[in-house]
Amino acid sequence: MRKRTAASYFVTLLLAVLAAVSFFPIYLAVINSFKTQGEMFSSVMALPTKLHFENYVYAFQQINLLNSVKNSVIVSVMGVGGIIFAAGLAGYKLSRTPGKLSNFIFFLFIASMLVPFHSIMISLTRVAKSLAVQGTTYGLGLIYIGLGVNMAVFLYHGFVKTIPKELEESTRIDGCGDFQTYFRIIFPLLLPISVTIGILNFLWIWNDFLLPLLMLTDVNRYTLILSTNMLFGEYNKEWSLILAALVLTAIPVVIIYSIFQRFIMEGITEGAVKG
Amino acid sequence: MHSKGYRKYLSFFAFLAPAFIIYSIFLLIPTLGGMFYSLTDWNGLNRAYDFVGLGNFVEILRDDPDFMHSLWFTLKYVVIMVVLQNVFALFLAVLIESKRRSKGFFRTIFFMPNMISLIISAFMWSFVFTQVLPQIAEKTILTFLDQGWIGDPNVSFYSIIIVSLWNGVGYMMIIYLAGLQGVPQHLQEAAIIDGANVFQRFMRVTLPMITHALTICLFLTLNGAFKVFDVVYGLTGGGPGRSTQVITLNIYEEAFSNNFRYGYASAKSIILFLFILVFTFIQISVMKRKEVES
């Protein structure tokens, strides 16, 4: 028994060391974001002697924080909302309609999950340009719906099978139409999988870099990630400013994470098991 | 009766329309379009283009040393990432699973980097590589920390691996943790009574019980590694020279920043797709056989 506790202490110690190593870059970014450039060059490890909030004020302005966050929120909410709305309808109907056409469409959705984004990005920019959705915040949101809907259809399709058919039959006898049945009865029952889908897609859309880079040209429409990227390009050597911007970029994510922590963990495991 | 069937069809299409239309526009058409463009010499700007058949593919395989280099570089990255990411994630998951009280804390800490987007992670680490490590090397005896983490082609490969691992391990760890939760305690206890040591218990009891999680994590890490872009873009930009250029970056530059050879770049993107397809197929079929055995 004593041997087991010794081993247990060792495991805790090992985890603590690894955790410290893992957290180290974040810690460094935070402490150095409060220093002047000179302070940083004399010692990156030392704690700041005085908190220099100027870096934050400057970064806040340079990445146009409020506007960037607004753009990111619009794109994410639109993308996630659209995916849940459209994929829920389709996944439900495909799951409940046996037949060749239904199978074929479902197959199309699943097969496209294997296509990497980089293989379609070139002609996607063409499609976006010819439909005049390139360069707009809403256009970007729309594209995310198109790219994310296949995986969501797949997840809904599987989940619907766990809902007994008798529920819909009884509402139909009560005189509800198809859409009424879906929105009143089925959609609320899909909530667990909707949360999973919502979280996975939110994390993806919020943190995505390449698609906004290809689609957006107007600085006023930049998402948070894109604004930070631009700042990094322009102020390459001004580390205190850049670090402040990086910390600012990470803050919304940390807030969301602390609120939804349980759901994020469940979402990842659920999504993985079903996917 | 007739009208009922008609209404059924109508309802079917009404339910499918939103998803299918938007999917067709932004995913299906671009996929087919990419396949078509890969057979042309289109430059993305002109209306006119010629059909060149498999000409692009022949050129890529015959005289595009940059692409070949990026292909080898990516394959090297894929192999190392798939192995390390899964080994680390599983290792952490097993350690954390044994802790009752501090489980939540460690899970959060190791997952945290995954919340930070890849490109931001790359910027954060480029600070560590260019500012922090050289300064530590200067002030302590850990002189080996002063490397050309970003500037030296031989070292920057490992920098890319470090950042990718730092960001990605937490996600896989969560999936493994969920898998470990499904391993019944009594099996472990029985193995202890039988005199199995820690390593034997892991190989004989734990691992066979979590093959499903292993399949998923291998699939995710394999797919993700082939598509690596953000970390390389943010950390080295593919340099120095083209030494750390991965396939996705090669395609991106071919199409959008260097030559505007859309047709040619599309052919490259088809090759990337085929690689992912073949590797995924092999991985899934091998793992499926393993799952049946256990």
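A note on names: the letters A, B, ... follow the listed sequences, proteins ahead of strands, and every chain is numbered from 1. Every heavy atom of this structure was used, including side-chain atoms; hydrogens, water molecules and symmetry mates were not.
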- Parallel under 30°, tilted from 30 to 60°, perpendicular over 60°: which one fits the rings of His118(A) and Phe229(B)? tilted
- Item | Region of Thr97(A) that comes under 4.5 Å of a non-hydrogen atom in chain B | side chain
- Task: Give, as side chain, backbone, both or neither, the part of Tyr37(B) having an atom under 4.5 angstrom from any heavy atom of chain A.
- Result: side chain
- Message: Rounded at 0.5 Å granularity, tell me how far CG in Leu203(A) sits from OG in Ser117(B).
- Response: 11.5 Å
- Check each atom of Ile21(B) against the heavy atoms of chain A and say whether the ones under 4.5 Å are side chain, backbone, both or neither. neither
- Derivation of the side-chain contact (heavy atoms from CB on, under 4.5 Å) call for Tyr252(B) and Leu213(A): CA-CA 11 Å; Tyr252(B) 172 82; Leu213(A) 182 71; 3.4 Å; yes
- Turns out that what part of Ile276(B) lies under 4.5 Å from chain A's heavy atoms comes down to side chain
- The interface call for Asn150(A) against chain B, heavy-atom contacts under 4.5 Å, is side chain
- Item | Contacting moiety of Phe275(B), where chain A heavy atoms sit under 4.5 Å | neither
- So what's closer than 4.5 Å to chain A heavy atoms on Ala14(B): side chain, backbone, both or neither? both
- Message: Counting only non-hydrogen atoms closer than 4.5 Å, does Val115(A) touch chain B with its backbone (N, CA, C, O), its side chain (CB onward), both, or neither?
- Response: both
- Pair Phe110(B)-Leu15(A), side-chain contact (heavy atoms from CB on, under 4.5 Å): steps then yes or no: CA-CA 10 Å; Phe110(B) 290 119; Leu15(A) 277 171; 3.8 Å; yes
- Task: Heavy-atom distances under 4.5 Å only: say whether Tyr176(B) touches chain A with side chain, backbone, both or neither.
- Result: neither
- Task: Answer with side chain, backbone, both or neither: which region of Lys99(B) has an atom nearer than 4.5 Å to a non-hydrogen atom of chain A?
- Result: side chain
- Item | Ring center gap for Phe111(B) and Tyr257(A) short of 6.0 angstrom | yes
- Query: How long is the span from the CG atom in Leu94(A) to the CZ atom in Phe12(B), to the nearest 0.5 Å?
  - Reply: 5.5 Å
- Task: Look at the aromatic rings of Phe15(B) and Phe179(A) and report parallel, tilted or perpendicular, splitting at 30° and 60°.
- Result: parallel
- Note on the structure: If one checks every heavy atom of Leu277(B) against chain A at 4.5 Å, the contacting part turns out to be side chain
- Part of Leu95(B) within contact of chain A (heavy atom distance under 4.5 Å): both
- Note on the structure: When every non-hydrogen atom of Phe273(B) is compared with those of Leu114(A), the smallest separation belongs to CE1-O, 3.5 Å
- Query: Where on Tyr171(B) is there a heavy atom nearer than 4.5 Å to chain A: the side chain, the backbone, both, or neither?
  - Reply: both
- Heavy-atom proximity to chain A below 4.5 Å, by part of Ala255(B): side chain
- Query: Which bit of Phe226(B) comes within less than 4.5 Å of chain A, counting heavy atoms only: side chain, backbone, both or neither?
  - Reply: neither
- Side chain from CB out, backbone as N, CA, C, O: work out which of these in Tyr182(A) comes under 4.5 Å of a heavy atom of chain B, or both, or neither. side chain
- Message: Is the shortest side-chain heavy-atom distance between Leu142(A) and Ile25(B) below 4.5 Å?
- Response: no
- Query: Roughly how far apart are Ser123(A) OG and Leu32(B) CG, rounded to 0.5 Å?
  - Reply: 9.0 Å
- Message: Quick check for you: among Pro116(A), Gly88(A), Ala111(A), which has the greatest number of heavy-atom pairs under 4.5 Å with chain B?
- Response: Pro116(A)
- Given a strict heavy-atom distance threshold of 4.5 Å, which part of Ser102(B) is in contact with chain A: side chain, backbone, both, or neither? neither
- Item | Val132(B) portion near chain A, given a 4.5 angstrom heavy-atom threshold | both
